[in-house]
Number of protein chains: 2
Amino acid sequence: MDRFKDVLKASNLKSTHQRLAILDAIDHFGHVDIDTLYDSIVQKYPTMSKATLYRNINDLISFHILEEVKLPQQKQQYEIKKVPHIHLLCSECGNVEDMFVETKPLLETVSSQSGFHISNSFIVMNGICKTCYLKQ
Amino acid sequence: MDRFKDVLKASNLKSTHQRLAILDAIDHFGHVDIDTLYDSIVQKYPTMSKATLYRNINDLISFHILEEVKLPQQKQQYEIKKVPHIHLLCSECGNVEDMFVETKPLLETVSSQSGFHISNSFIVMNGICKTCYLKQ
DNA sequence: ATAAATAGGATAGTTAATATCTTATTAAGT
DNA sequence: ACTTAATAAGATATTAACTATCCTATTTAT
């Protein structure tokens with residue numbers, strides 16, 4: 001449960017209950033928007049204020065512990081920063097699926113064609129997930 | 001100048017001066033956030049209201065004439081919907097570059113590995129553009 | 001156990017976006 | 001061109017999203 005303590009310590013951030021609760025909750029959800037996150041945390045920490053939530057999320061993003069996920073037509077979401085992956089967004093059920101796929105060839109094409117030095121990439125695909133597709 | 005009249009007509013939307021001004025401005029900028037857009041349009045149409053701007057942008061998006069561009073760490077931007085392309089975002093100069101690149105192989109990999117039926121994709125790459133890189 | 005540093009919570013204040021209502025404009029038919 | 005029905009614009013108010021400030025509480029190193 002406290003694996004995030006080390007993560008915080010590594011960035012010289014204090015391990016407050018609130019921060020750990022935020023990280024646990026986001027980790028549990030995978031991706032989550034601010035309201036869902038707030039509602040879930042308030043269950044355990046009724047005193048948690050939205051200011052604290054926003055403040056921490058922004059701090060954690062600036063230390064690259066969290067990252068924002070901006071999907072078209074959706075509220076901004078947040079997730080624990082992990083191995084680079086892409087997002088599959090189903091237009092039927094609204095679910096967001098993570099997928100780990102080799103993007104190097106694409107990045108290399110882009111890099112060599114444009115002279116752009118890529119540090120990271122963000123890929124979203126819209127469509128219909130396997131489950132919803134089979135239901136139709 | 002009035003190529004957008006046909007576009008609007010095709011969606012049964014009236015060709016108001018405001019709509020044409022919005023489309024022209026967005027077309028001119030390539031990508032633009034709401035405030036830059038508003039400031040630029042107010043020059044020509046001092047009576048333009050922000051409500052009208054937001055309303056029209058949302059209408060145009062729902063008719064697939066415009067699309068939103070959500071980039072990490074940036075305000076939401078808008079652009080004319082055109083041939084699918086990816087965005088290269090320079091962390092030095094802040095510029096957003098369009099690039100037309102073959103993404104089919106990637107999409108096919110994703111599709112076959114996940115069973116996800118992709119309708120469209122959204123790709124952003126962060127890094128340093130050629131110009132800024134050469135300056136260093 | 002103490003103290004300095006940092007974070008939390010409450011509140012107020014911005015900024016972003018939307019809803020409502022009245023007036024104005026567009027576009028189709030005459 | 002004139003009329004009219006449909007739709008859009010503009011003004012305003014309202015809601016929602018986010019941030020800043022200030023004072024108190026908690027954390028952590030000693």
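Proteins come first, then strands; the chains are lettered A, B, ... in the order of their sequence lines, and each starts at number 1.
Applying the ring-ring contact (aromatic ring centres under 6.0 Å, His included) test to residues at least two apart or on different chains, the pairs with a partner in residues 21-41 of chain B are B:H31-B:H87. A salt bridge (charged side-chain N to carboxylate O under 4.0 Å, His left out) check over residues 94-115 of chain A, counting only residues at least two apart or in different chains, returns the pairs A:K82-A:D98. Within the structure, side-chain hydrogen bond (donor to acceptor under 3.5 Å, both in side chains) contacts touching residues 39-65 of chain B (residues at least two apart or in different chains) are B:R19-B:N56, B:D35-B:K50.
If you chain together ILVMFWY residues whose side-chain heavy atoms come under 4.5 Å of each other, B:M125 ends up grouped with A:I86, A:L88, A:M99, A:V101, A:L106, A:L107, A:V110, A:F116, A:I118, A:I123, A:M125, B:I86, B:L88, B:M99, B:V101, B:L106, B:L107, B:V110, B:F116, B:I118, B:I123.
Among residues two or more places apart in sequence or in another chain, the side-chain hydrogen bond (donor to acceptor under 3.5 Å, both in side chains) test is passed with B:K14 by none. In this view, A:E68 and A:Q76 satisfy the side-chain hydrogen bond (donor to acceptor under 3.5 Å, both in side chains) rule, not counting sequence neighbours. Annotation: side-chain hydrogen bond (donor to acceptor under 3.5 Å, both in side chains) contacts of B:Q77 (sequence neighbours excluded): B:Q74. In this structure B:H117 satisfies the ring pair (Phe, Tyr, Trp, His ring centres under 6.0 Å) test together with A:Y133, sequence neighbours excluded. Every residue meeting the ring pair (Phe, Tyr, Trp, His ring centres under 6.0 Å) condition with B:F100, not counting sequence neighbours, appears here in chain and number order: B:H85.
Counting only heavy atoms from C-beta outward, the side chains of A:I65 and A:F4 never approach each other to under 4.5 Å. Here the side chains of B:I61 and B:Y78 are in contact, with some heavy-atom distance below 4.5 Å.
Using a 4.0 Å cut-off, some side-chain N or O of B:Y54 falls inside it from OP1 or OP2 of C:dA17. Note on A:N56: a side-chain N or O is less than 4.0 Å away from OP1 or OP2 of C:dG8.
Closest heavy-atom contact between A:L37 and A:I57: CD2-CD1, 3.7 Å.
Rounded to a whole Å, the CD atom of B:Q77 is 16 Å from the C1' atom of C:dA16. In this structure, B:I61 places its CD1 atom 13 Å from C1' of C:dA17, rounding to the nearest Å. Rounded to a whole Å, the CZ atom of A:R19 is 12 Å from the C1' atom of C:dA5. The distance from atom CD1 of A:I57 to atom P of C:dA7 is 16 Å, rounded to the nearest whole Å. Going from atom CE of A:M48 over to atom P of C:dA10 covers 11 Å, rounded to whole Å. Taking atom CG on B:D33 and atom C1' on C:dT15, their separation rounds to 13 Å, with Å as the unit. The interatomic distance linking A:K50 (NZ) with C:dA12 (C1') rounds to 16 Å, in whole Å.
Comparing the helix axis at one end of the helix from C:dA1-D:dT30 to C:dT30-D:dA1 with that at the other, each defined from 5 consecutive pairs, gives an inter-axis angle of 40° (nearest 10°).
Residue contacts shown for B:T47 are limited to sugar-phosphate atoms, with no base heavy atom under 4.0 Å away. If you check every strand for non-hydrogen atoms under 4.0 Å, B:D35 touches sugar and phosphate atoms only.
Mapping B:Q76 and A:T52 onto DNA chain C by nearest heavy atom places A:T52 closer to the 5' end of the strand.
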Discussion item. Can you build the contact string for nucleotides 20-30 of chain C? Use B for base contact, S for sugar-phosphate-only contact, and - for no protein heavy atom under 4.0 Å.
Written reply: ------BS---
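Here chain A contacts DNA chain D (any atom closer than 4.0 Å to a heavy atom, that is under 4.0 Å), and the contacts span D:dA17 to D:dT28 from 5' to 3'.
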